[in-house]
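Sharing a structure below in structure tokens format, with a few things to ask.
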Number of protein chains: 2
Amino acid sequence: MAEEKNTQERLVWAVAVCRERGLRRTKAMKELLRVLIEAKGPLTLSDLCGVQSLSEQCDKATVFRLLGRLQEKGVIRRLGLHERAAYYAFAYPGEHFDYLVCTDCGKIEALELDCPVEVLEKEVMEQTGFSGLYHELEFFGSCPQCVG
Amino acid sequence: MAEEKNTQERLVWAVAVCRERGLRRTKAMKELLRVLIEAKGPLTLSDLCGVQSLSEQCDKATVFRLLGRLQEKGVIRRLGLHERAAYYAFAYPGEHFDYLVCTDCGKIEALELDCPVEVLEKEVMEQTGFSGLYHELEFFGSCPQCVG
DNA sequence: GTACCTGCAAAACCTTTGCAGCATC
DNA sequence: GATGCTGCAAAGGTTTTGCAGGTAC
């Protein structure tokens, strides 16, 4: 229940942000956001198109273009994660995840660490003159199942 | 001079490791390692194939397969860096770089930070049961030139 | 001599775009 | 009604693989 409400809150927030920033409120957009919000971890374009509720709603090209727009408006984040394909994850204000990836089976876990990198961010900005900094941190290794 | 010697030392180390771990000492391998060692930052497969000394030496498919083997033997590292193509960088023991990427012009800088993440690594291993952990940390933002 | 490595070429994948029609505002 | 969004289909890039021949050991 609390879960359910949480999803709803996030969805409302995300749609509102998108509207404010000029996007139209389409069914495909809402469904894509819902899937990303409920996902356990980051998903690829292929993953997303494999979700029936979404593929019934719209085409792959549309999902692709939506991902670009949603990222631009700041409600989702694009991740590298060492794989060939790009991953996308919902980005709620004040939440930041780092990721733990198994290099053998490809499993991805989100870690909500008390991340010491945030302090570094300011330092790097000052030293390099870069602005609007954010970071991506991933740990790679072998998960217990793969080590056997 | 010191630079030169440094390159040489690294090359010798890398070739030795590769030999020990079962790879053959080919010209292509040595040239690829030399290019990666002398590179200022991480390079893509395309970048590498654009280097004349290397493209004269071997085919793109060979570079691709070499990159896989070198990574497997632990002398180079594969990076995501948010781009479509994978990046590769030389990995000398005890050295670790984090990266600063301009999201506007794509410029990549290596940062040799006193990285607080190394401490976290052990913690994550203990909590998750993952083994052989390493990490990748990237900062993204706009460089001074792009902000104008 | 054997096992591994290479070149060439083609296949496989993921991403990106053009254009005509449709939905949202 | 105007503008932005969608579907379909095709193009663009990067990565990956098969196979016959060459090379390191």
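Lettering of chains follows the sequences in order, A, B, ..., and the numbering in each one begins at 1.
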Point to revise | Per A:L23 side chain, nearest of listed nucleotides C:dT6, C:dC14, D:dC5 | key: D:dC5

Check your understanding: Taking only side-chain nitrogens and oxygens of A:T62, does any of them come within less than 4.0 Å of OP1 or OP2 of D:dG7?
Key -> yes

Check your understanding: For B:A61, which contact category applies under a 4.0 Å heavy-atom criterion: base, sugar-phosphate, or nothing?
Key -> base

Review point. OP1, OP2 of D:dA2 versus side-chain N and O of A:R24: anything below 4.0 Å?
Key: no

Review point. Checking side-chain hydrogen bond (donor to acceptor under 3.5 Å, both in side chains) for the pair A:T128/B:E109: CA distance, chi angles, key distance, verdict?
Key: CA-CA 10 Å; A:T128 64; B:E109 287 181 27; 5.9 Å; no

Exercise for review: Identify whether any heavy atom of B:R65 sits under 4.0 Å from a base atom; if not, whether one sits that close to sugar-phosphate; answer base, sugar-phosphate or nothing.
Suggested key: base

Check your understanding: NA contact type, B:E83, heavy-atom cut-off 4.0 Å: base, sugar-phosphate, or nothing?
Key -> nothing

Exercise for review: With DNA chain D as reference, determine whether B:K60 or B:K27 sits nearer its 5' end, using the nearest nucleotide of each.
Suggested key: B:K60

Exercise for review: Please answer whether the main-chain N or O of B:A86 pairs with a side-chain N or O of B:T44 as donor and acceptor at a distance below 3.5 Å.
Suggested key: no

Check your understanding: Does a distance-only test, which skips hydrogens and angles, find a donor-acceptor pair under 3.5 Å between the side chain of A:R69 and the base of D:dG4?
Key -> no

Check your understanding: Would you say a side-chain N or O of B:R19 is under 4.0 Å from OP1 or OP2 of D:dC25?
Key -> yes

Exercise for review: Output yes when a side-chain donor or acceptor of A:K107 lies under 3.5 Å from a complementary backbone atom of A:C102, and no otherwise.
Suggested key: no

Point to revise | D:dT6 OP1/OP2 closer than 4.0 Å to side-chain N/O of A:T26 | key: yes

Revision key, fill the gap. Quick note, A:R84 side chain, CB onward, closest among C:dC8, D:dG13, C:dG18 is D:dG13

